[in-house]
**Q** 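This is the structure I have questions about; it appears just below.
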Amino acid sequence: MSRVSGKDAGAREAMAQLFCFPHAGGSAASLNAWIRRLPATIALERVELPGRDPASAQRPYTRVPPLLPHLFPRLAARVDRPFALYGHSLGALVAFEFARWARREDYGAPLALFVSGRRAPQCPLALGALHGLPEPELMARLAEFGGTPEGVMRQSKWRDHLLPALRADLEMSDRYVYEPQPPLACPLYAFRGVADSIATEAEVGAWGAQTTGPFMMRTLPGAHFFSSEGIARLADVVVAELTRAACADAAAPDTRAVAPATV
């Protein structure tokens, strides 16, 4: 079962929860920057994908469909309050598919879906698969993307444990097959770095087809991984929009069906 790390998971005063999904090869710790950027009214839930903990026997997944039923029971137990979803790169894809899974299971729509650094799911892979590249070539491509310090990539712990998890995540991304379904009903906000060489403006803008609700796309400072200024701007939008949506949700009659959580 996946771990979910919360800033204040039991905080009953929070109006909403924000489930955050990391990029390929990332762990819950890669989302630590969000802790200091969210007010107490938003409870942060950092999702840990399988295969990050060296002490765990869990293996990373290489396909999205088998991952969803693994994630869902633990996260579904936490949707007693309105929730929103955020994911970066691979995490954007997982967040999107989690929203569709929640809809199928009658948990209702999230307050909002925030995605960054990822082409829309219906857009085909344009730059070629990464997961099977020889290690030197893969290391060179990762250095181009940023996000993982070069010194970390030289460490044996990273190469022996985290590199296999990264390859599994990249395979999940490379071999993703989009299944057409009706668009989501929630607001959808998409972000990309101004110098991102992976997700083009057109590919990120194509996320608009995945919702019947409001859609907004913004370009932020940085490349595939945002600069500190870009992260700050992204967090400002997330907090403002999620606070507005949570207040509107609190004022509306509660018509959402809540299914029993499966553990």
Side-chain angles (χ1 to χ4, degrees), residues 1-4 19-28 30-31 45-54 56-77 85-105 107 110 113-135 137-138 141-142 145 147-148 159-184 188 190 198-199 203-204 206-207 209-210 224 262-263:
M1 180 108 23
S2 299
R3 293 205 313 267
V4 180
F19 296 124
C20 289
F21 298 82
H23 60 274
S27 67
S30 68
L31 299 162
E45 305 287 353
R46 294 164 294 152
V47 179
E48 184 84 288
L49 299 182
R52 317 297 125 154
D53 184 356
S56 173
Q58 289 183 337
R59 297 177 62 83
Y61 283 78
T62 58
R63 298 292 188 277
V64 175
L67 173 64
L68 294 174
H70 177 97
L71 290 176
F72 195 79
R74 185 66 178 269
L75 298 184
L85 306 168
Y86 167 71
H88 181 74
S89 197
L90 172 69
L93 178 61
V94 177
F96 167 71
E97 288 294 352
F98 181 82
R100 301 211 294 183
W101 183 283
R103 179 175 61 184
R104 289 195 296 271
E105 296 295 317
Y107 280 81
L113 172 62
F114 303 94
V115 296
S116 62
R118 174 81 193 190
R119 66 187 184 278
Q122 72 272 20
C123 294
L125 179 66
L127 297 179
L130 296 174
H131 71 277
L133 291 177
E135 188 170 311
E137 189 174 347
L138 179 58
R141 295 296 298 276
L142 293 176
F145 301 155
T148 304
R159 301 169 80 92
D160 295 343
H161 176 69
L162 295 181
L163 184 56
L166 172 63
R167 284 192 183 275
D169 287 354
L170 291 175
E171 184 174 354
M172 192 187 310
S173 176
D174 291 341
R175 295 190 174 180
Y176 171 76
V177 177
Y178 173 67
E179 177 187 344
Q181 294 180 20
L184 298 169
L188 200 160
I198 300 176
E203 289 174 328
V204 176
W207 276 101
Q210 294 300 331
H224 185 62
T262 302
V263 179

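Being a predicted model, the structure only gives us computed values, none of them experimental.
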**Q** I need the Trp207 CH2 to Leu113 CG distance, nearest 0.5 Å.
**A** 6.0 Å

**Q** Determine the minimum heavy-atom distance between Leu31 and Cys20, stating which atoms define it.
**A**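 Looking at all heavy atoms of both residues, the closest pair is CD1-O, 3.4 Å.
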
**Q** Roughly how far, to the nearest 0.5 Å, is the CG atom of Leu67 from the CD atom of Glu97?
**A**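 The distance works out to 10.0 Å.
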
**Q** Output all residues satisfying side-chain contact (heavy atoms from CB on, under 4.5 Å) with Pro180, sequence neighbours left out; order by chain, then residue number.
**A**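 Expected list: Tyr178.
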
**Q** Can you give me the closest heavy-atom contact between Glu203 and Ile198, atom names plus distance?
**A** OE1-O, 3.5 Å

**Q** Taking Ser116's backbone N and O only, do any of them form a donor-acceptor pair with Arg118's side chain (distance below 3.5 Å, no angle check)?
**A** no

**Q** Measure the spacing between NE2 of His70 and CD of Gln58 and express it to the nearest 0.5 Å.
**A** 4.5 Å

**Q** Just say parallel, tilted or perpendicular for the rings of Phe19 and Phe98, cut-offs at 30° and 60°.
**A** perpendicular

**Q** Can you name the closest pair of heavy atoms from Val204 and Ala199 and give their distance?
**A**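 Scanning both residues, the minimum pair turns out to be CG2-CB, 3.7 Å.
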
**Q** Measure from the side-chain N and O atoms of His131 to the backbone N and O of Ser173, and report whether any donor-acceptor pair falls under 3.5 Å.
**A** no

**Q** Is there a donor-acceptor contact under 3.5 Å from the side chain of Gln122 to the main chain of Ala206?
**A**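 At least one qualifying donor-acceptor pair exists.
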
**Q** If you measure from the Lys or Arg side-chain nitrogens to the Asp or Glu carboxylate oxygens, is any gap between Arg63 and Glu171 under 4.0 Å?
**A** yes

**Q** When rounded to the nearest 0.5 angstrom, what distance separates NE2 in His88 from CG in Leu93?
**A**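 Result: 13.0 Å between the selected atoms.
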
**Q** Are the side chains of Val47 and Val94 in touch, meaning some heavy atoms are under 4.5 Å apart?
**A**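 Counting from C-beta outward, Val47 and Val94 never come under 4.5 Å.
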
**Q** Could you walk me through whether Gln181 and Arg104 pass side-chain contact (heavy atoms from CB on, under 4.5 Å), step by step?
**A** CA-CA 11 Å; Gln181 294 180 20; Arg104 289 195 296 271; 3.2 Å; yes

**Q** Would you say the ring centroid of Phe72 lies under 6.0 angstrom from that of Tyr107?
**A** yes

**Q** Taking the side chain as C-beta and beyond, is there a heavy-atom pair between Leu133 and Leu170 under 4.5 Å?
**A**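 Leu133 does not reach Leu170 side chain to side chain.
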
**Q** Is there a side-chain contact between Leu184 and Arg103 (heavy atoms, below 4.5 Å)?
**A** yes

